[in-house]
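Quantities reported herein were computed from a predicted structural model and do not represent experimental measurements. Just so it is clear: chains get the letters A, B, ... in the order the sequence lines come, proteins before strands, and each one is counted from 1.
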Amino acid sequence: MKMKKKMSEKLLAAVQKRAMARSPMGGPLDGKKLVWWDGYDCMWSDHGNCSGTEPKWKE
Amino acid sequence: MKKCRHFSNLRCKYCFSQHKEQSAKTIMPDALVEKLIREYTETFDGKLLFIWFGGEPLLAGLPFFEKIVQWQRRYGEGRMISNGIQTNGTLINDEWADFFTANDFGVGVSIDGAEASHNAFRYTASGKGSHERTVSGIKCLMRHGITPGIIQVLTKNSLKNVREDFIFFTEELGLKRMGTNPYICDGINIAMEDQEITDEELTAYFKNLIDLWVEKDDPNFNVRDIENMAAGILGRSTGGCTYSGTCTAYFSVNVDGLVYPCNRLVMPENVFGDLKTQHLSEILSGEKRMSFACRATTFPEECNRCSLKQACSNGCIGQREGGYSGRFVYCESRKNLFRYLKQLMEGGDENEKENE
């Protein structure tokens, strides 16, 4: 007997919601943009202030 | 980003600083930290983000971080400034937790899992396992309303503990956010070479982890790689540095003022400049940084034919075969896991398993 393993609707909805809150996948980086860090060596608590952080170079 | 370099109260056996002098008190001088904060605010508009790590950053002491917050307020008045700190958790007490809460610091703790995984390699200076002290730190944070994210280093030893460690994180500690870094010795810590994770092992591990995450069915529990892959599948920014190629957008300031692309790429050939003698904007707009960005975003030809190119970005630049423009060592794992998760999200059939 086989059991189909799948995500629950609530789990799928949650991960979709978080994904869609991110910006659209962009083009190549120009090396002059800083983005928020969810990086390889660092992982902190959900931190609203970090999300979407995109400091821009001053003109 | 700012480092305390190799200075740590732990002697983790797999650490790439393991062969360095980890007892030497190397902390960035106040004048340099102040200059960094001032010039960072001068250089960029918008929200600013600082990440503090080491070694063990808490060894710098609370007064050090209190000064940082004061300088940030002075030079970044009216700006939104965020701070994150990555710690081994062993020194966290009520005083630290109060400080993090009061100043809205995001806290990441390095813990490899339950005791068997963690104490295999994460030792105190006296050679004892550090698990109990790290857990004590996490519990202290949680008493103060901070639920830290955690980073787990995955070794061959801990591969078999995936379920036990996941249950430990989610049920015993009640955490909500985790990331996993596969151990690669990078030719630095040769004694630990046998603990390196292969492409196949990483695939198997993450498939297990994804299954556990689905089984757990907690919409509020985030696994970094699942979140990044799901975003990529849905055409959104993958965010995490090893997926989005954004390592070219960060910089790391070492305790001596030398500026590098990343904590993982602190090598003489990667120095962008010296904060002691140059303005930060001069360093970040310099030829060395632009040259690095160019190498980091030059992918092997097979990436150009890969449908995951934008979602994967050829992985971590520090983990590419034969140099920064080489192929990501976990390329096949990426392909397999994106496929696996996509099918799960779409309710596909490949995930059918024998029901015993």
S.K.: Can you tell me which residue pairs pass the salt bridge (charged side-chain N to carboxylate O under 4.0 Å, His left out) test with a partner in residues 12-21 of chain A, sequence neighbours excluded?
M.R.: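 Output for this query lists A/Arg18-B/Glu227.
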S.K.: Measure across A/Lys6 and B/Leu344 and return the closest heavy-atom pair with its distance rounded to 0.1 Å.
M.R.: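 That would be CA-CD2, 3.9 Å.
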S.K.: Nearest heavy-atom pair of B/Asp218 and A/Leu11: which atoms, and what distance?
M.R.: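 Scanning both residues completely, I find the closest heavy atoms to be O-CD1, 3.6 Å.
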S.K.: Which atoms of B/Tyr243 come close to chain A, meaning under 4.5 Å heavy atom to heavy atom: side chain ones, backbone ones, both, or neither?
M.R.: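 Interface part for B/Tyr243: neither.
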S.K.: Just verifying a value: how many Å separate A/Met20 CE and B/Arg236 CZ, rounded to the nearest 0.5 Å?
M.R.: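 Here the interatomic distance stands at 4.0 Å.
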